[in-house]
Amino acid sequence: MQFTTPSEEQRLAVEVFRAFAQREIHPVAGKHRHRVMSWAAAHEVQQMVAEFGLPGAAIPKALGGLGLSCGTQGLLFEQFAQAGGEALPGVQDSIVVARLLLAAAPAIRDRYLPDVIAGRKIGALAALEAAPGASSQSRAQARLEDGHWLVTANEIRVSNGINSDFVICPVRTSAGQSALVLVERDAHRYEVRLDHAAGPADTGTAEIFTASARVPPDHVLAQGDEAQRLLAAARTQQWIHAGLGSVGLMQLALEESIAHARAREEFGRPMAAHRLVAARIAEMATRVESARLMCHRCLAMVDAGMDCETEAGMARWYASEAAASLHRQARQLRGVDAPEWDAPHDHRESFKRAGADRAVEIQKLVAARALTGISALS
């Protein structure tokens with residue numbers, strides 16, 4: 001595995017994209033703070049980032065992408081995280097969906113992938129692993145009937161599902177196999193409703209319902225062992241980009257804290273000249289760099305074709321907890337603990353999403369199982 005620092009070309013691309021994101025994307029996302037983005041706004045943001053090729057940055061050029069490395073795509077995504085606000089989950093899922101579509105039948109891939117890369121359609125991901133204690137009724141089921149798959153879904157959690165045009169959903173077939181099925185909202189008629197139990201309502205996480213979606217056989221992306229392999233790869237991508245989203249928010253808070261410490265004076269000196277404040281800034285920067293390096297190491301492993309599911313889970317939960325801790329430190333540094341505190345870029349709800357993920361504790365147990373060979377999940 002080769003893990004190098006960003007090149008001059010990568011740094012230039014990041015700077016250009018960062019300026020674009022702050023100038024064009026942040027105002028649109030900012031209009032939907034603390035509420036679900038509208039369908040039109042979500043698609044507008046998707047098409048904005050598509051101008052820089054973000055959802056398809058790591059997709060081969062022959063299939064309409066930019067053919068960049070996953071590492072370069074991660075650098076761009078971190079910048080989007082600082083400006084995207086409530087649009088963050090949608091773009092994150094689009095990156096993973098685009099990679100999953102590479103495994104689809106050519107007709108399906110050619111039908112959906114160009115629209116995802118161009119931002120014309122938003123693909124969503126159903127929960128890629130069942131939550132502990134989930135009942136069998138809460139999982140999607142599929143059975144083959146008259147040459148089509150009949151998909152039944154009941155309360156299947158879908159990130160960014162409220163604005164989705166289609167969803168890629170893990171199902172259990174009547175033969176007991178796992179499968180990945182693409183279900184289109186208009187053609188196959190699934191219903192969505194906000195899942196308030198998933199966290200803040202502004203995330204757009206939804207539950208989907210369909211009694212008997214009649215799905216053509218070519219909409220099944222994979223079955224059996226191949227489906228499990230794709231699920232693992234998709235989970236890995238999700239976790240890495242979730243970690244990078246936390247890193248982007250931490251970097252934003254760090255920069256604002258440094259600016260505040262430089263500009264604000266206490267006892268006749270800038271705050272940054274006081275030892276406790278200086279130490280706090282250094283601790284915050286160390287957390288940001290640690291989380292960033294963990295995420296980019298995972299991306300380097302993906303580029304090298306290595307399995308990094310355990311490492312990606314570690315990166316995600318560490319970045320999530322580091323983001324919550326850094327947010328508290330940033331608030332303390334400003335000397336304001338009241339909930340009315342409002343920075344120029346207010347991402348309080350985004351930080352809550354980063355630090356209050358219920359999957360974090362499960363990921364720790366999954367990582368421990370990989371390290372010890374003994375499961376503590378049951």
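Side chains included, hydrogens not; waters and symmetry mates left out as well; all remaining heavy atoms used.
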Notebook entry, point to check: Got a donor-acceptor contact below 3.5 angstrom from the Ser7 side chain to the Gln10 backbone?
Noted result: yes
Next item on the list: State the CD1-CG distance between Ile95 and Leu54, to the nearest 0.5 angstrom.
Entry: 4.5 Å
Notebook entry, point to check: Looking at Leu230 and Ala222, what are the two nearest heavy atoms and their distance?
Noted result: CD1-CB, 3.6 Å
Next item on the list: Determine, stepwise, if the pair Arg18 / Glu255 fulfils salt bridge (Lys or Arg N to Asp or Glu O under 4.0 Å).
Entry: CA-CA 14 Å; Arg18 177 173 185 165; Glu255 291 172 1; 2.6 Å; yes
Check: When rounded to the nearest 0.5 angstrom, what distance separates CG in Leu299 from CE in Met294?
Finding: 12.5 Å
Check: Is a side-chain donor-acceptor pair under 3.5 Å present for Gln332 with Arg280?
Finding: yes
Note to self: Are more than 12 heavy atoms, taken from residues, nucleotides or ligands other than Arg262, located less than 6.0 Å from that residue's CZ atom?
What the structure shows: no
Check: In terms of side-chain heavy atoms, does Ser178 have a donor or acceptor partner in Gln228 at a distance below 3.5 Å?
Finding: yes
Notebook entry, point to check: Taking the side chain from Arg269 and the backbone from Glu266, do they hold a donor-acceptor pair closer than 3.5 Å?
Noted result: no
Item checked: Same apolar cluster (I L V M F W Y, side chains within < 4.5 Å links), Phe80/Phe20 -> yes
Checklist line | Separation of Ile162 CD1 from Ser38 OG (nearest 0.5 Å) | finding: 11.5 Å
Note to self: Between Glu321 and Lys364, does the salt bridge (Lys or Arg N to Asp or Glu O under 4.0 Å) criterion hold? Intermediate values first, please.
What the structure shows: CA-CA 12 Å; Glu321 292 191 343; Lys364 293 179 182 180; 2.6 Å; yes
Item checked: Verdict with reasoning, His327 to Leu249, per side chain to side chain contact (heavy atoms under 4.5 Å, CB included) -> CA-CA 9 Å; His327 183 221; Leu249 296 175; over 6 Å; no
Next item on the list: Might you work through the side chain to side chain contact (heavy atoms under 4.5 Å, CB included) test for Val302 and Ile240, ending with a clear yes or no?
Entry: CA-CA 10 Å; Val302 172; Ile240 295 171; 4.0 Å; yes
Margin query: I'd like to know if the side chain of Glu184 pairs up with that of Tyr190 as donor and acceptor (distance under 3.5 Å, no hydrogens or angles considered).
Written below: no
Next item on the list: Using only heavy-atom distances, determine whether the side chains of Glu51 and Gln47 contain a donor-acceptor pair under 3.5 Å.
Entry: no
Margin query: Using modelled atom types and a 3.5 Å cut-off, is there a donor and acceptor pairing between side-chain atoms of Asn163 and backbone atoms of Trp39?
Written below: yes
Note to self: Please determine whether residues Leu244 and Val49 belong to a single hydrophobic cluster, defined as Ile, Leu, Val, Met, Phe, Trp and Tyr linked transitively by side-chain heavy-atom distances below 4.5 Å.
What the structure shows: yes
Next item on the list: Give the minimum heavy-atom separation between Ala50 and Pro55, together with the two atoms involved.
Entry: CA-CD, 4.1 Å
Note to self: If I compare all heavy atoms of Ile59 with all of Ala98, which pair ends up nearest, and what's the gap?
What the structure shows: CD1-O, 3.8 Å
Next item on the list: Measure the spacing between CZ of Arg331 and CG of Leu326 and express it to the nearest 0.5 Å.
Entry: 12.5 Å
Item checked: Co-membership, hydrophobic cluster, residues Leu63 and Val96, 4.5 Å side-chain -> yes
Checklist line | Audit row: Met48, Val91, side chain to side chain contact (heavy atoms under 4.5 Å, CB included) steps and yes/no | finding: CA-CA 11 Å; Met48 283 180 176; Val91 175; over 6 Å; no
Check: Are Leu150 and Leu180 connected in the hydrophobic side-chain network, where two residues link if heavy atoms are under 4.5 Å apart?
Finding: no
Note to self: Using every non-hydrogen atom in the two residues, find where Ile168 and Pro170 come nearest and quote the distance to one decimal.
What the structure shows: O-CD, 4.1 Å
Item checked: Met284 side, atom CE; Ile258 side, atom CD1 - distance, nearest 0.5 Å -> 7.5 Å
Note to self: Would a single hydrophobic cluster contain both Val16 and Ile25, if residues Ile, Leu, Val, Met, Phe, Trp and Tyr are joined by side-chain heavy-atom contacts under 4.5 Å?
What the structure shows: yes
Notebook entry, point to check: Is a side-chain N or O of Arg369 found less than 3.5 angstrom from the main chain of Gly373, in a donor-acceptor match?
Noted result: no
Notebook entry, point to check: In Å, rounded to the nearest 0.5 Å, how long is the span from OG of Ser94 to CZ of Phe77?
Noted result: 10.0 Å
Checklist line | Steps toward side chain to side chain contact (heavy atoms under 4.5 Å, CB included) verdict (Glu44, Val28) | finding: CA-CA 8 Å; Glu44 181 182 359; Val28 176; 3.9 Å; yes
Check: Parallel, tilted or perpendicular for Phe267 and His274, by the 30°/60° rule?
Finding: perpendicular
Margin query: To check you understand the geometry: which heavy-atom pair defines the closest contact between Ala213 and Val183, and what is its length?
Written below: CB-CG1, 4.3 Å
Notebook entry, point to check: Is it the case that more than 12 heavy atoms not belonging to Arg11 sit under 6.0 Å from its CZ atom?
Noted result: yes
Notebook entry, point to check: With distance as the sole test, does Thr72 use its side chain to make a donor-acceptor pair with the main-chain N or O of Leu68 at under 3.5 Å?
Noted result: no
Check: Counting only heavy atoms not in Leu276, do more than 12 fall under 6.0 Å of its CG?
Finding: no
Next item on the list: Indicate whether any N or O donor in one side chain lies under 3.5 Å from an N or O acceptor in the other, for Arg120 and Gln46.
Entry: no
Margin query: If you count every heavy atom of other residues, nucleotides or ligands that lies below 6.0 Å from Arg23 atom CZ, does the total exceed 12?
Written below: yes
Next item on the list: In plain terms, say whether Glu191 and Arg185 are close enough for a salt bridge, that is, a side-chain N and a carboxylate O under 4.0 Å apart.
Entry: no
Next item on the list: Verify, without hydrogens or angle tests, whether His241 (side chain) and Gln237 (backbone) share a donor-acceptor contact under 3.5 angstrom.
Entry: yes
Checklist line | Considering all heavy atoms, the nearest Ala58-Cys70 contact | finding: CB-SG, 4.1 Å
Margin query: Just by distance, no angles: are the side chains of His43 and Asp165 close enough, under 3.5 Å, to form a donor-acceptor pair?
Written below: yes
Check: Is there a donor-acceptor contact under 3.5 Å linking the side chains of Thr236 and Glu309?
Finding: no
